[in-house]
Amino acid sequence: MKAYRAVSVPLPPECDVRYIRRLMALTNLAYRGYTVMAPDMLKYTQYQLILWRDFKQSLVFGATPKKWLAETWTPLKTYRIFPDGRRIGDSNAQVVVDFTRNVIRVRQVCRNQPRYFVELPVPRWVLERVAEGGDIKFARVGVRHNNKPHLVLVAEREVQPVQPSGHVLVVDVNSWRHGVAWALVKGDRIAKWARERPDLGYVERMYSELVSLERKYGALKRLGLHETLEGRKLWREIKRRRRKLNAYLRDFAQRLASRLVKKAVRHRARVVIDDMLNESRRELLEEKIHGGLMKIYFSSVKRFVRLFTNQLRWYGVPYEFRRLYSTICPRCGSRMEKLPGRIMRCNSCNFSAHRDLVPMLWYLLSVHVQEKIKEPATP
Ligand SMILES: [Zn+2]
């Protein structure tokens, strides 16, 4: 089984964003099966635009662009030079990953100029993936929403599935407010469990500051003063803080994903994930969380799940999604009542547990039930 991971690195500012945008638009056309003729472009690029058509269904292109002229990142071939003298790939490729000099040379991508190239240091991420047996098979180039050109490096690895130890890592994904609960299940008991959350004090403080700045800006706008120097300054500040908050959560999601993956690898555990976010959303509605804050609590949660499963695939850790309830009694199936401190209590059978543990108990129960079914019926 092959697994892929990708990293995005910024290209230097001397890259011509307009040229890269044009490449992206032409790639989109090529992707739709058109023969792309761009006589003013360099020969190699022209050939690639025609050749790319044949890679349509391959990973080189990543996801299918949905909209007509939606942004399609331009695929690039890579050529890898290793310190032991091995050279892999097309020597004319536009991306040369040179491990002997520790640089990535990007040729004829940043500008429509013969022999024009830029060089970047090989990111640590690349060295780590290569050390794990990965190979930088493809690259893509494109422009991000902030109008900055980026190079995406895609690592491919032939994965040997992990020999399972019988342990299971159960991961219950909620909003960031209630975090991600995980439990390491050994046999029929929970060996360890915890809940991982970002610094909520920081998130809430940032959010309330953002709201008050937005109010100020709204007041200026109503007076028609939002285009003034002060108004523009305020708007820039709002955007800067929004970016900062999003970056904080994104970073948290990333760190958490890789920490949990390491845990699964270390224990050779199978992973069971519940990512039903509707229930978490309902819980926040019950707590009367403001809509804007709610959005922040859910930002990067999906990204966390994507990063997590992608890295599990990369390390060959088996995983599955399973619905694990946190408000239904695992013992008798009645709806449970919520007590202070997120304790859930069942009024029918008096069972009670911490809300974050209920999904884990559901998991144990479902395994138990399945084992019973598997047992042959006694005559
Ligand atoms: Zn019950």
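What you see is a predicted model; the values in this text were computed from it and never measured.
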Enquirer: Can a donor-acceptor pair be found between the side chains of Tyr315 and Glu132 at a distance below 3.5 Å?
Expert: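 Indeed, the side chains of Tyr315 and Glu132 share at least one donor-acceptor pair under 3.5 Å.
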Enquirer: Is atom NZ of Lys148 surrounded by more than 12 heavy atoms (other residues, nucleotides or ligands) closer than 6.0 Å?
Expert: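 Check fails, neighbour count at 12 or below.
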Enquirer: Looking at side-chain heavy atoms only, is the closest gap between Leu151 and Ile104 below 4.5 Å?
Expert: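 They are in side-chain contact.
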Enquirer: Would you sort out whether Glu237 and Arg240 count as a salt bridge (charged side-chain N to carboxylate O under 4.0 Å, His left out), showing the intermediate values?
Expert: CA-CA 5 Å; Glu237 182 61 15; Arg240 190 184 68 83; 2.9 Å; yes
Enquirer: Within this structure, what is the CG-CZ distance for the pair Asp199 and Phe252, rounded to the nearest 0.5 Å?
Expert: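 Here the interatomic distance stands at 9.5 Å.
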Enquirer: With Arg129 as the cation and Trp125 as the aromatic partner, state whether NZ or CZ is under 6.0 Å from the six-membered ring centre and within 45° of the axis.
Expert: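 Here Arg129 passes the 6.0 Å and 45° test against Trp125.
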Enquirer: What do you reckon, is CE of Met1 surrounded by more than 12 foreign heavy atoms closer than 6.0 Å?
Expert: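 More than 12 heavy atoms, drawn from other residues, nucleotides or ligands, come within 6.0 Å of this atom.
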Enquirer: Does NZ or CZ of Arg281 come closer than 6.0 Å to the centre of the six-membered ring of Phe298, within 45° of the ring's axis?
Expert: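 Judged by the rule, Arg281 and Phe298 form a cation-pi pair.
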Enquirer: Using salt bridge (charged side-chain N to carboxylate O under 4.0 Å, His left out), reason through Glu204 and Arg177 one step at a time and then give a plain yes or no.
Expert: CA-CA 10 Å; Glu204 274 155 36; Arg177 184 175 171 82; 3.5 Å; yes
Enquirer: Quick one: CE on Met360 to CH2 on Trp182, what's the gap to the nearest 0.5 Å?
Expert: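 That separation rounds to 9.0 Å.
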Enquirer: Measuring only between side-chain heavy atoms, which start at C-beta, is Glu230 closer than 4.5 Å to Leu225?
Expert: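 No. Closest side-chain heavy atoms not under 4.5 Å.
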Enquirer: Starting at CG of Leu277, measure out to OH of Tyr297 and round the result to the nearest 0.5 Å.
Expert: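 Going from the CG atom of Leu277 to the OH atom of Tyr297 covers 15.5 Å.
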Enquirer: Salt bridge check, Glu214 against Arg241: does any charged N sit closer than 4.0 Å to a carboxylate O?
Expert: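 Between Glu214 and Arg241 there is no salt bridge, as every charged N stays at least 4.0 Å from the carboxylate O atoms.
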Enquirer: Take atom CZ in Phe321; do more than 12 heavy atoms of anything else shown fall under 6.0 Å from it?
Expert: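 Counting other residues, nucleotides and ligands, CZ of Phe321 exceeds 12 neighbours.
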Enquirer: To the nearest 0.5 angstrom, please state how far the CZ atom of Phe138 sits from the CG atom of Leu76.
Expert: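 Rounded to the nearest 0.5 Å, the CZ-CG separation comes to 12.0 Å.
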Enquirer: Show your reasoning for whether side-chain contact (heavy atoms from CB on, under 4.5 Å) applies to Leu169 and Tyr319.
Expert: CA-CA 9 Å; Leu169 183 68; Tyr319 67 90; over 6 Å; no
Enquirer: Counting C-beta onward and ignoring hydrogens, is there a side-chain heavy-atom pair between Gln254 and Leu307 closer than 4.5 Å?
Expert: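 Yes, side chains in contact.
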Enquirer: Measure the distance from the SG of Cys349 to the SG of Cys329 and say whether it is below 2.5 Å.
Expert: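 With an SG-SG separation of 2.5 Å or more, Cys349 and Cys329 do not form a disulfide.
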Enquirer: Checking salt bridge (charged side-chain N to carboxylate O under 4.0 Å, His left out) for the pair Glu279/Arg323: CA distance, chi angles, key distance, verdict?
Expert: CA-CA 11 Å; Glu279 206 174 84; Arg323 189 74 192 90; 3.0 Å; yes
Enquirer: I'd like to know if the side chain of Ser300 reaches the main chain of Arg303, judged simply by a donor and an acceptor atom lying under 3.5 Å from each other, with no hydrogens or angles considered.
Expert: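 Judged by distance alone, no pair lies under 3.5 Å.
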Enquirer: Can a donor-acceptor pair be found, under 3.5 Å and without considering hydrogens, that links the side chain of Asn174 to the backbone of Ala181?
Expert: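 A pair under 3.5 Å: no.
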Enquirer: Check whether any side-chain N or O of Asp135 sits under 3.5 Å from a backbone N or O of Lys137 as a donor-acceptor pair, and report yes or no.
Expert: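 No: the side chain of Asp135 does not pair with the backbone of Lys137.
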Enquirer: Is it true that the side chains of Asn147 and Arg21 contain a donor and an acceptor less than 3.5 Å apart?
Expert: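 Short answer, yes.
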Enquirer: How about Arg255: does its CZ atom have over 12 heavy atoms from other parts shown lying under 6.0 Å from it?
Expert: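 Count not over threshold, so no.
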Enquirer: Looking only at side-chain N and O atoms, does Thr327 offer a donor or acceptor that is under 3.5 Å from a partner on Arg282?
Expert: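 There is no such pair between these side chains.
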Enquirer: Verify the neighbour count for atom CD of Glu287: are there more than 12 heavy atoms of other residues, nucleotides or ligands below 6.0 Å?
Expert: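 Yes - once you tally the heavy atoms of other residues, nucleotides and ligands closer than 6.0 Å, there are more than 12.
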Enquirer: Any side-chain to backbone donor/acceptor pair from Trp362 onto Ile328? Under 3.5 Å, distance only.
Expert: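 A pair under 3.5 Å: yes.
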Enquirer: Around atom CD of Glu158, are there more than 12 heavy atoms from other residues, nucleotides or ligands closer than 6.0 Å?
Expert: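 Atom CD in Glu158 is packed in, count exceeds 12.
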Enquirer: With distance as the sole criterion, is a donor-acceptor pair present between the side chains of Tyr4 and Arg313 under 3.5 Å?
Expert: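 Absent: no donor and acceptor within the cut-off.
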Enquirer: Strictly distance-based, threshold 3.5 Å: is any side-chain N or O of Arg105 a donor or acceptor partner for the main-chain N or O of Asp98?
Expert: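 It does not hold such a pair.
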Enquirer: Should the pair Tyr202 and Tyr248 be assigned to parallel (<30°), tilted (30 to 60°) or perpendicular (>60°) ring geometry?
Expert: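 Tyr202 vs Tyr248 ring planes: perpendicular.
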Enquirer: Evaluate whether atom NZ of Lys216 has more than 12 neighbouring non-hydrogen atoms of other residues, nucleotides or ligands under 6.0 angstrom away.
Expert: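 12 or below, so no.
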Enquirer: Please say whether more than 12 non-hydrogen atoms of neighbouring residues, nucleotides or ligands are located less than 6.0 Å from CG in Leu223.
Expert: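 Enclosed: over 12 neighbouring heavy atoms sit under 6.0 Å from CG of Leu223.
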Enquirer: So, taking the atom named NZ in Lys192 and the one named NZ in Lys263, what distance separates them when rounded to the nearest 0.5 Å?
Expert: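 Here the interatomic distance stands at 5.0 Å.
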Enquirer: Distance check, rounded to the nearest 0.5 Å: Ser280 atom OG versus Asp274 atom CG?
Expert: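 Those atoms lie 8.0 Å apart.
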Enquirer: When you compare the side chain of Arg268 with that of Pro164, does any pair of heavy atoms fall below 4.5 Å?
Expert: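 No - every pair of side-chain heavy atoms lies 4.5 Å or more apart.
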Enquirer: Are Arg342 and His178 close enough that a side-chain donor and a side-chain acceptor fall under 3.5 Å?
Expert: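 The answer is yes; a qualifying pair exists.
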Enquirer: For a 4.5 angstrom cut-off between non-hydrogen side-chain atoms, does Ser326 reach Met344?
Expert: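 No - every pair of side-chain heavy atoms lies 4.5 Å or more apart.
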